[in-house]
Amino acid sequence: TITSPATVRSGQSITFTATPKTGYIVEGWYTDAACTAGKHDAGSTAYTTSIIGETNVYVKFVEKNWSVAFEAGIGGSITTPSSTPQAVGQLTGIDIAATPATGYTFKQWDITNGSGSFTSAATTNNNHFKPTADSKVTASFTETMSTLTTSNQYNAGDPGYAIPTK
């Protein structure tokens, strides 16, 4: 382990190791503080370089994105997001909304593959989802049922009668 700043022999190989916080990944290793020049080892938590002269090494962390597909079950549609799949940040998440079709009500959101969490109860149709893995999220709907009341009176002179069936 070397503590910065350090003096090392010219030509010596040094390995730098980065530890991202939860929800972040290493975007790359750079030679400038703005992290725009000399990108190396994108996505790697370790970077090895030979030291020749004064050297500065910087690591850039970015939020981890997961691929999330959204699907509507029978009886409704997804209104937000407008396209699927989406690259969704683990920390920022994404707003989601489902709209039931006529004759249906929204039931709940289900994570049918992957993992994550909802900001509100899964039974709230306007919600916010934060993934922790590539996921598939499905909106489910329930058909609205109505009560039908009929009168099955039959009089001797009537030409017939009707019985409701499903």
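Starting from 1, each residue takes its place in the sequence as its number. Predicted model, so just to flag it, every value in this text is computed and none were measured.
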Here the pair of heavy atoms bringing A72 nearest to S77 is CB-CA, 3.7 Å
Do W29 and T49 come within less than 4.5 Å of each other through their side chains, counting heavy atoms only?
-> no
Which atom of T15 lies closest to which atom of A46, heavy atoms considered | CG2-CB, 4.3 Å
F70 reachable from I74 in the ILVMFWY side-chain graph, under 4.5 Å edges | yes
Give the cluster check for V88 versus V62: same hydrophobic cluster or not, with ILVMFWY residues linked at side-chain heavy-atom distances below 4.5 Å.
-> no
Find the distance between CG (N126) and CZ (F106) and round it off to the nearest 0.5 Å.
-> 8.5 Å
About how many Å separate CD of Q108 and OG1 of T124, when rounded to the nearest 0.5 Å?
-> 11.0 Å
Can you get from V57 to I14 by hopping between Ile, Leu, Val, Met, Phe, Trp and Tyr side chains that sit under 4.5 Å apart?
-> yes
Considering residues, nucleotides and ligands other than K136, do more than 12 of their heavy atoms fall under 6.0 Å from its NZ?
-> no
Paired with Q90, the side-chain contact (heavy atoms from CB on, under 4.5 Å) test is passed by just one of I25, T22, N65, namely T22
CD (E63) and CG (L91) are apart, to the nearest 0.5 Å, by 4.5 Å
Between Y47 and H40, what is the ring plane arrangement, given parallel below 30°, perpendicular above 60°, and tilted in between?
-> parallel
Test item: T79 side-chain N/O and A97 main-chain N/O as donor-acceptor pair under 3.5 Å | yes
Inspect the surroundings of OH in Y58 and state if more than 12 heavy atoms from other residues, nucleotides or ligands are less than 6.0 Å away.
-> yes
CD of Q12 to OG1 of T7, rounded to nearest 0.5 Å, is 10.5 Å
Where S50 and S13 come nearest, the two heavy atoms and their spacing | OG-OG, 3.5 Å
Does D32 offer a backbone N or O that forms a donor-acceptor pair with the side chain of N56 under 3.5 Å?
-> no
How many angstroms lie between atom OH of Y104 and atom OG1 of T99, to the nearest 0.5 angstrom?
-> 15.0 Å
Do I96 and P81 come close enough that some side-chain heavy atom pair is under 4.5 Å?
-> yes
Could you check if a side-chain atom of F129 sits within less than 4.5 angstrom of a side-chain atom of V68, using non-hydrogen atoms only?
-> yes
Of all heavy-atom pairs between A18 and F61, which one has the smallest distance, and what is that distance?
-> CB-CZ, 3.8 Å
Work out which heavy atom in S135 is nearest to a heavy atom in A133; give both atom names and the distance.
-> OG-O, 2.8 Å
Within a strict 4.5 Å, meaning less than it, do heavy atoms of the V26 and P20 side chains meet?
-> yes
Can you tell me if T144 and T105 form a side-chain donor-acceptor pair at under 3.5 Å?
-> no
Same cluster (ILVMFWY, side-chain, under 4.5 Å), F141 and I78 | yes
What residues form a salt bridge (charged side-chain N to carboxylate O under 4.0 Å, His left out) with E27, not counting sequence neighbours?
-> K39
Shortest non-hydrogen pair, S120 vs N127, comes out as N-OD1, 3.0 Å
Within the side chain of H128, is there an N or O that forms a donor-acceptor pair under 3.5 Å with the backbone of T92?
-> yes
Nearest-0.5 Å distance, OG of residue S115 to CH2 of residue W66 | 7.5 Å
